[in-house]
Amino acid sequence: MGEVNVLGNLKLTELNIESSFPIRKTPYTSSKKLWKPNTYIKKIKKIQSKKHKVRVVIAGTKISLLMSIKSFKYALKNGNRDEYLYTLSLKQYRSFAYKKLKKKKGARKSKKKRAAPPKKIGIGSTVKVNGRLHLDSYGRGPGMYEKNATRQVIYIVPGRKYPVCVGIGGIARGWVKRSEVKRV
């Protein structure tokens, strides 16, 4: 088949900012009043701990993204106690919601109740036995009759003439036909 191009949804945008918190007015600062670096650090950590979203707008472009703070690291620059270097990693946030699906117009609810499923017999089921016990599932060694005896199903071997082995407390008493047992 060769190379194929599969179209899919857009991945989330990530943005990494490496900079420093300025302590003095510089040509690249736009704010008239600058806070101390610790104030910026506290505000960013508060936004991150409360899991708030932030709006990132890049001036002079059409870029405006709703993002979350992925990580925030900071340290002092070259021993200068006032200037902090930082790395801020942001990841795009997309809101999502679950939507309730509507029923199809043609679908109707059935007002009739379904019949209860037949009482199935399985290994461990408690049953009433009315029939002759046999030595094996092939019917060899016919033994005593049981009438309204409460027993437990030990084994089931489908396709045999006497497929159900019944017993008491996990000890086998004999094999009987499926028609000779009824679930209690």
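Model, not experiment: these values are computed from the prediction.
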Beyond-backbone contact of [X] with [Y], side-chain heavy atoms, under 4.5 angstrom:
X      : Y      : answer
Ile17  : Tyr86  : yes
Met67  : Tyr93  : no
Glu14  : Ser89  : no
Tyr84  : Ile23  : no
Arg160 : Tyr138 : yes
Leu10  : Arg94  : yes
Val164 : Val129 : no
Ile47  : Val54  : yes

Sidechain-backbone polar pair: [X] side chain, [Y] backbone, donor-acceptor under 3.5 Å:
X      : Y      : value
Thr29  : Ser31  : no
Arg151 : Lys128 : no
Arg140 : Leu135 : no

> Would Ser68 and Lys51 count as a side chain to side chain contact (heavy atoms under 4.5 Å, CB included) if you check the C-alpha gap in whole Å, the side-chain angles of each, and the deciding distance to 0.1 Å?
Replying inline: CA-CA 7 Å; Ser68 64; Lys51 299 179 182 171; over 6 Å; no
>> Working note: Arg173 + Met144, criterion side chain to side chain contact (heavy atoms under 4.5 Å, CB included); need CA distance, chi angles, decisive distance, verdict.
In response: CA-CA 10 Å; Arg173 299 259 308 146; Met144 62 190 310; 3.7 Å; yes
Can you tell me how far apart [atom1] ([X]) and [atom2] ([Y]) are? Round to the nearest 0.5 Å.
X      : Y      : atom1 : atom2 : value
Ile123 : Cys165 : CD1   : SG    : 10.0 Å
Leu76  : Leu85  : CG    : CG    : 8.5 Å
Lys11  : Gln92  : NZ    : CD    : 12.5 Å
Gln152 : Thr126 : CD    : OG1   : 6.0 Å

>> Looking at Lys25, I'd like to know if its NZ atom is crowded, meaning that more than 12 non-hydrogen atoms belonging to other residues, nucleotides or ligands lie closer than 6.0 Å.
In response: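 Atom NZ in Lys25 is packed in, count exceeds 12.
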[Y] reachable from [X] in the ILVMFWY side-chain graph, under 4.5 Å edges:
X      : Y      : result
Ile63  : Ile69  : yes
Tyr155 : Val176 : no
Leu34  : Ile41  : yes
Leu88  : Trp35  : yes
Leu66  : Val57  : no

If every non-hydrogen atom of [X] is compared with every non-hydrogen atom of [Y], which pair is closest and at what distance?
X      : Y      : answer
Asp136 : Tyr162 : O-CB, 4.3 Å
Leu15  : Val56  : CD2-CG1, 3.9 Å
His134 : Gly139 : CD2-O, 3.2 Å

> side chain to side chain contact (heavy atoms under 4.5 Å, CB included) between Trp175 and Val157: does it pass, once the steps are laid out?
Replying inline: CA-CA 10 Å; Trp175 293 82; Val157 181; 3.7 Å; yes
> Who are the ring-ring contact (aromatic ring centres under 6.0 Å, His included) partners of Phe72, not counting sequence neighbours?
Replying inline: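 Per chain and number, Phe72 pairs via ring-ring contact (aromatic ring centres under 6.0 Å, His included) with Tyr74.
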>> Pair Lys182, Asn130 - check side chain to side chain contact (heavy atoms under 4.5 Å, CB included), show working.
In response: CA-CA 9 Å; Lys182 292 203 178 156; Asn130 286 301; over 6 Å; no
> Taking atom types as modelled and ignoring hydrogens, do the side chains of Lys161 and Ser137 form a donor-acceptor contact shorter than 3.5 angstrom?
Replying inline: no
